[in-house]
Amino acid sequence: MHPMLTIAVKAARRAGNIITQASQNLDLLTVSKKTHSDFVSEVDGAAEEAIIKVLLSAYPDHSILAEESGRQGDTEKSEYQWIIDPLDGTTNFLHGFPKYSVSIALKHKGVLTQAVVYDPNLNELFTATRGAGAYLNNQRLRVSKRTRLADCLIGTGLPFRDFTHMDAYLAMLVDLIPRTVGIRRPGSAALDLAYVAAGRYDGFWEIGLAPWDMAAGCLLITEAGGLVGDLEGNNTQLESGQIVAANPKIFAQLLQVIAPHLTPELIEAQRITKT
Ligand code: 2AM
Ligand code: CA
């Protein structure tokens, strides 16, 4: 295992332990609201602190982009940036709904090179190193082999905070439901993307994500032989927050169903981030 991935795994497991311990006493948690239906607990903060401590004690010069504490370090000076979501699926966690994960990715000179998504409930550790493949625990991952959208299980996320694109999103959903065998919405985007890498889903799409929700999942998918892009298939997903991911055959078919429902506003969001 690449030494930087080993450190990331150590950090993810440490965060996982904090989260699991707290999950046994959910009633004791102090919860606050960031915005509408966007919650944060002290567990998010404690897990993030533990991750950053492990990463920075190994690599003190690296910079950080993390969900709760934002940016740390100088991205101009450091070639390395860790992108961290300490608890992806906080709402699920707070409800005792066991679909949440820890997500840690590393960018080197702007390119994703290491990825970890850890599910503490199933003890599933998804890892990837650029050029060296994606793994679930010690098993090599490949995206699914399905070639017809009609045979596919597709994951998504419903808008929960920003409802600007609700109508366009619902039009995509309505169009996709009868064209697939089913749509799922568990609520941890990082874990959903890991499931695309593992071939559990054949594809996934969502609007309005943050880079820490997606960074690790994107590398897992490409290293498992899948494709990731924005709603037009371009490479702006980390900036625009609009993402489509799938095995290579299904990727094109998903884009085709989504295309008629793209609004000027959705396209504009992808253009702005391209430059
Ligand atoms: P978070 O728990 O780290 O905030 C899925 O739609 C993504 O949106 C998740 O990765 C989740 O990340 C985020 N999210 C935040 N609030 C949510 C909510 N109320 N319902 C669903 N997802 C939410
Ligand atoms: Ca998240």
Side-chain angles (χ1 to χ4, degrees), residues 11-12 15-16 18-20 22-23 26 29 31-52 64-71 82-105 115-121 124 126 154-166 168-170 172-173 176 183-197 201 203-221 228 230-231 237-245:
I18 292 170
I19 292 165
T20 300
S23 73
L26 286 177
L29 290 182
V31 179
S32 51
K33 226 177 188 185
K34 288 199 270 193
T35 57
H36 167 77
S37 134
D38 195 357
F39 300 97
V40 64
S41 70
E42 69 253 38
V43 182
D44 298 73
E48 185 166 301
E49 236 174 78
I51 293 168
I52 293 175
I64 303 276
L65 171 63
E67 173 159 20
E68 309 309 335
S69 54
R71 271 170 215 280
W82 293 94
I83 305 173
I84 302 162
D85 192 335
L87 175 47
D88 185 50
T90 302
T91 305
N92 286 344
F93 168 77
L94 293 173
H95 286 256
F97 186 90
K99 280 290 162 201
Y100 45 84
S101 60
V102 179
S103 176
I104 304 175
V116 180
V117 173
Y118 179 53
D119 173 351
N121 288 299
E124 287 191 325
F126 300 87
I154 303 293
T156 189
L158 302 174
F160 61 90
R161 180 174 44 210
D162 175 358
F163 302 120
T164 321
H165 305 298
M166 184 63 109
Y169 173 81
L170 288 177
M172 295 171 195
L173 182 64
L176 273 166
I183 309 281
R184 298 289 179 270
R185 192 277 191 255
S188 167
L191 202 54
D192 287 333
L193 294 172
Y195 280 20
V196 175
Y201 286 134
F204 176 85
W205 94 104
E206 187 162 354
I207 293 168
L209 290 176
W212 42 79
D213 302 321
M214 293 178 280
C218 287
L219 185 64
L220 284 167
I221 291 170
V228 186
D230 61 22
L231 300 178
Q237 66 278 5
L238 288 187
E239 294 80 27
S240 67
Q242 306 179 6
I243 186 168
V244 176

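Counting starts at 1 for both ligands and their atoms, following the listed order. These values consider heavy atoms only, across backbone and side chains, with no hydrogens, waters or symmetry-generated copies. Sequential numbering from 1 along the given sequence is applied to the chain's residues.
- For Glu124, the CD atom sits in a packed shell: over 12 heavy atoms of surrounding residues, nucleotides or ligands are nearer than 6.0 Å.
- Contact annotation: for Asp85 versus ligand 1, heavy atoms closer than 4.0 Å belong to the side chain alone.
- Between Tyr195 and Tyr201, the ring planes are tilted. Angles from 30° to 60° get that label.
- At least one donor-acceptor pair under 3.5 Å links the side chain of Asn92 to the backbone N or O of Pro186.
- Within the listing of ligand 1, atoms 2 (O), 3 (O) sit less than 4.0 angstrom from a heavy atom of Leu87.
- The side-chain heavy atoms of Tyr118 and Ile19, taken from C-beta on, include no pair separated by under 4.5 Å.
- The part of Glu206 lying near ligand 1 is the side chain, judged by heavy-atom distances below 4.0 Å.
- Using modelled atom types, one side-chain atom of Asp88 and one backbone atom of Ala190 make a donor-acceptor pair closer than 3.5 Å.
- Closest approach between the Ca ion (ligand 2) and any N/O/S atom of Asp88 involves OD1.
- Scanning Phe93, Trp212, Phe160 for the heavy atom closest to atom 22 (N) of ligand 1 points to Phe160.
- No other N/O/S atom of Asp85 lies as close to the Ca ion (ligand 2) as OD2 does.
- Within 6.0 Å of atom CZ in Arg71, 12 or fewer heavy atoms from other residues, nucleotides or ligands are found, so the atom counts as exposed in its surroundings.
- Considering only heavy atoms from C-beta on, Leu173 comes within 4.5 Å of Ile183 through its side chain.
- Contact annotation: for Asp88 versus ligand 1, heavy atoms closer than 4.0 Å belong to both the backbone and the side chain.
- The closest approach between any non-hydrogen atom of Arg185 and ligand 1 is below 4.0 Å.
- Take the N/O/S atoms of Asp213: the one nearest the Ca ion (ligand 2) is OD1.
- Within the structure, the closest approach of Asp192 to ligand 1 does not fall below 4.0 Å when heavy atoms are considered.
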